[in-house]
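Counting starts at 1 for both ligands and their atoms, following the listed order. All values below were derived from every heavy atom in this structure, side-chain atoms included, with hydrogens, water molecules and symmetry-related copies excluded.
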Amino acid sequence: MSPASQVNIAVIGAGGVGKCFLSQLQGLAARKPSPKLNLVYIATSRKAVYNDNFAPIDVGSAIDTLASSSKTPHALPATVDYLSGSPHPVVLVDNTSSQDVADLYPSFLRKGISVVTPNKKAFSGSYKLWQEIFSAASSSGAKVYHESSVGAGLPVISTLNELIDTGDKVTKIEGVFSGTMSFLFNSFAPVAGQGGKWSAEVKKAQSLGYTEPDPRDDLNGLDVARKLTILARIAGIPVESPESFPVQSLIPKELESCSSGDEFLKKLPEFDSQMEEVKAEAEKAGKVVRFVGSIDVGSKSVKVGLEKFDASHPIAALQGSDNIINFYTERYGSNPLIVQGAGAGGDVTAMGVTGDLLKVLRQIS
Ligand SMILES: NC(=O)C1=CN([C@@H]2O[C@H](COP(=O)(O)OP(=O)(O)OC[C@H]3O[C@@H](n4cnc5c(N)ncnc54)[C@H](OP(=O)(O)O)[C@@H]3O)[C@@H](O)[C@H]2O)C=CC1
Ligand SMILES: N[C@@H](CC=O)C(=O)O
Ligand code: NA
């Protein structure tokens with residue numbers, strides 16, 4: 001296959017991460033003239049922008065063009081057919097959290113369309129989907145990267161892959177895997193000082209762009225469970241789903257039946273006392289409480305939930321939305337390889353997506 005001089009980029013999802021990705025794409029296209037990067041399709045649930053014959057869309061004004069567009073998106077299966085008619089190689093950038101988009105990755109990949117995404121749904125859904133994605137990619141040669149699905153732009157997946165590919169044996173992975181949970185506990189139960197109200201901090205995390213589109217997906221532990229499912233599978237444990245191991249939810253029982261995220265957030269202040277009790281119990285033991293996850297590779301066990309830490313522990317001392325991921329391996333012995341830094345937010349997540357796009361471009365152009 002001769003190297004491509006132009007690559008067409010199709011973007012689905014233009015929210016917090018999608019907007020930052022477009023801005024990074026504009027910078028990338030300016031810094032890196034070859035291959036020429038053409039934005040040819042951009043869609044949200046209700047609107048889309050695309051031109052006849054895949055003529056490029058101006059990246060700098062794409063968000064405004066999308067807002068005023070009267071075009072509706074292609075139905076998802078039809079998007080596969082549409083993009084497979086491209087005269088140049090195509091990279092699909094999925095910036096949604098949609099299971100429906102994720103379910104179509106094998107179809108995109110089979111048609112030679114590479115996929116880069118921060119969406120966790122495909123890689124933490126059924127194990128069958130995981131297998132279909134990687135077998136479609138290996139049979140067509142299309143690429144698939146999802147660095148930002150764990151730890152946003154932090155090099156978590158690339159680090160784990162390199163440990164394994166270079167022959168190290170990973171024995172345990174543990175740490176704080178949620179930017180939202182990190183921010184919540186660092187501000188609600190800080191090592192020093194009073195801390196804010198739980199429900200008010202949840203709203204702040206949402207307005208800072210840390211939460212999932214529905215913040216209940218963070219608070220019920222499922223977002224962390226999805227990340228651990230992804231890492232466990234890469235480490236060779238065929239975890240069936242994020243529901244197949246113990247996950248502690250922080251959703252008050254009384255609010256489990258809320259029909260929307262908005263209703264949940266409105267009622268949450270009535271239940272602040274429940275989290276105050278959790279905090280007070282840790283304080284009584286001279287500790288702080290944090291939301292953590294771990295994978296024990298030897299025993300194939302994965303768990304997610306609250307634990308108490310001494311104030312001097314690195315997990316207790318995290319700041320803002322920081323994640324910390326400790327890789328215990330044979331090579332690193334008792335001092336783990338540690339990856340730490342912001343684990344949520346539009347720009348840092350988009351950085352992982354743009355970095356993945358670069359990995360694809362290096363291989364197809
Ligand atoms: N925010 C963060 O810090 C991080 C986010 N991620 C992941 O990045 C992804 C995006 O997150 P974020 O930008 O915060 O989410 P947002 O809710 O801000 O944006 C989601 C976008 O996806 C669009 N969308 C949703 N469903 C569909 C669909 N079926 N077809 C087309 N468009 C769709 C939405 O359009 P509409 O409004 O029309 O529905 C919206 O434009 C998620 O998978 C998230 O888990 C990963 C790491 C960190
Ligand atoms: N909601 C997630 C976003 C990144 O995956 C988090 O808070 O970590
Ligand atoms: Na990452």
K.L.:
Would Thr171 and Thr329 satisfy side-chain contact (heavy atoms from CB on, under 4.5 Å), going step by step from the backbone distance to the final call?
P.N.:
CA-CA 5 Å; Thr171 50; Thr329 79; 5.6 Å; no
K.L.:
Can you name the nearest heavy-atom pair linking Pro56 to Lys36, along with the distance?
P.N.:
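Smallest interatomic distance, heavy atoms only, reads CG-NZ, 4.3 Å.
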K.L.:
Grab the two heavy atoms, one from Arg233 and one from Glu240, that are nearest each other, plus how far apart they are.
P.N.:
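Shortest heavy-atom contact: NH2-O, 3.0 Å.
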K.L.:
Kindly tell me which protein residues have any non-hydrogen atom under 4.0 angstrom away from an atom of ligand 1, grouped by chain and ordered by number?
P.N.:
Ile12, Gly13, Ala14, Gly15, Gly16, Val17, Thr44, Ser45, Arg46, Asn95, Thr96, Ser97, Ser98, Pro118, Asn119, Lys120, Ser148, Gly209, Glu212, Pro213, Ala344, Gly345, Thr349
K.L.:
For a quick test of reading the model, state the closest non-hydrogen atom pair linking Val17 to Ala350 and the distance between them.
P.N.:
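What the structure gives for the nearest pair is O-CB, 4.0 Å.
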K.L.:
Can a donor-acceptor pair be found between the side chains of Ser182 and Arg290 at a distance below 3.5 Å?
P.N.:
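Short answer, no.
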K.L.:
Strictly under 4.0 angstrom, heavy-atom based: which residues surround ligand 2?
P.N.:
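Near ligand 2, by chain and number: Lys120, Ser178, Gly179, Thr180, Tyr210, Thr211, Glu212, Asp218, Asp223, Lys227, Gly343.
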K.L.:
Parallel under 30°, tilted from 30 to 60°, perpendicular over 60°: which one fits the rings of Phe291 and Phe185?
P.N.:
parallel
K.L.:
One thing to verify: whether Lys267 and Glu270 come together as a salt bridge, which I'm taking to mean a side-chain N less than 4.0 angstrom from a carboxylate O.
P.N.:
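So Glu270 does not pair with Lys267 through a salt bridge.
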K.L.:
Students often mix this up, so state it plainly: with edges at 30° and 60°, are the rings of Phe134 and Phe123 parallel, tilted or perpendicular?
P.N.:
tilted
K.L.:
For the Na ion (ligand 3), which protein N/O/S atoms fall under 3.0 Å? Skip waters.
P.N.:
Glu147 O, Glu147 OE2, Val150 O, Ala152 O, Leu154 O
K.L.:
How many angstroms lie between atom CG of Asn95 and atom OG1 of Thr44, to the nearest 0.5 angstrom?
P.N.:
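One gets 12.0 Å once the value is rounded to the nearest 0.5 Å.
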K.L.:
Under 6.0 Å between ring centres: does that hold for Tyr41 and Phe54?
P.N.:
no
K.L.:
What pair of heavy atoms forms the shortest contact from Ser124 to Pro242, and how long is it?
P.N.:
O-CD, 3.0 Å
K.L.:
Going by side-chain hydrogen bond (donor to acceptor under 3.5 Å, both in side chains), name the residues that satisfy it together with Asp356, two or more places apart in sequence or in a different chain.
P.N.:
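Counting only residues at least two positions away or on another chain, Asp356 forms a side-chain hydrogen bond (donor to acceptor under 3.5 Å, both in side chains) with Lys359.
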K.L.:
Measuring from atom CD1 of Ile295 to atom CG of Leu228, what distance do you get when rounded to the nearest 0.5 angstrom?
P.N.:
4.5 Å
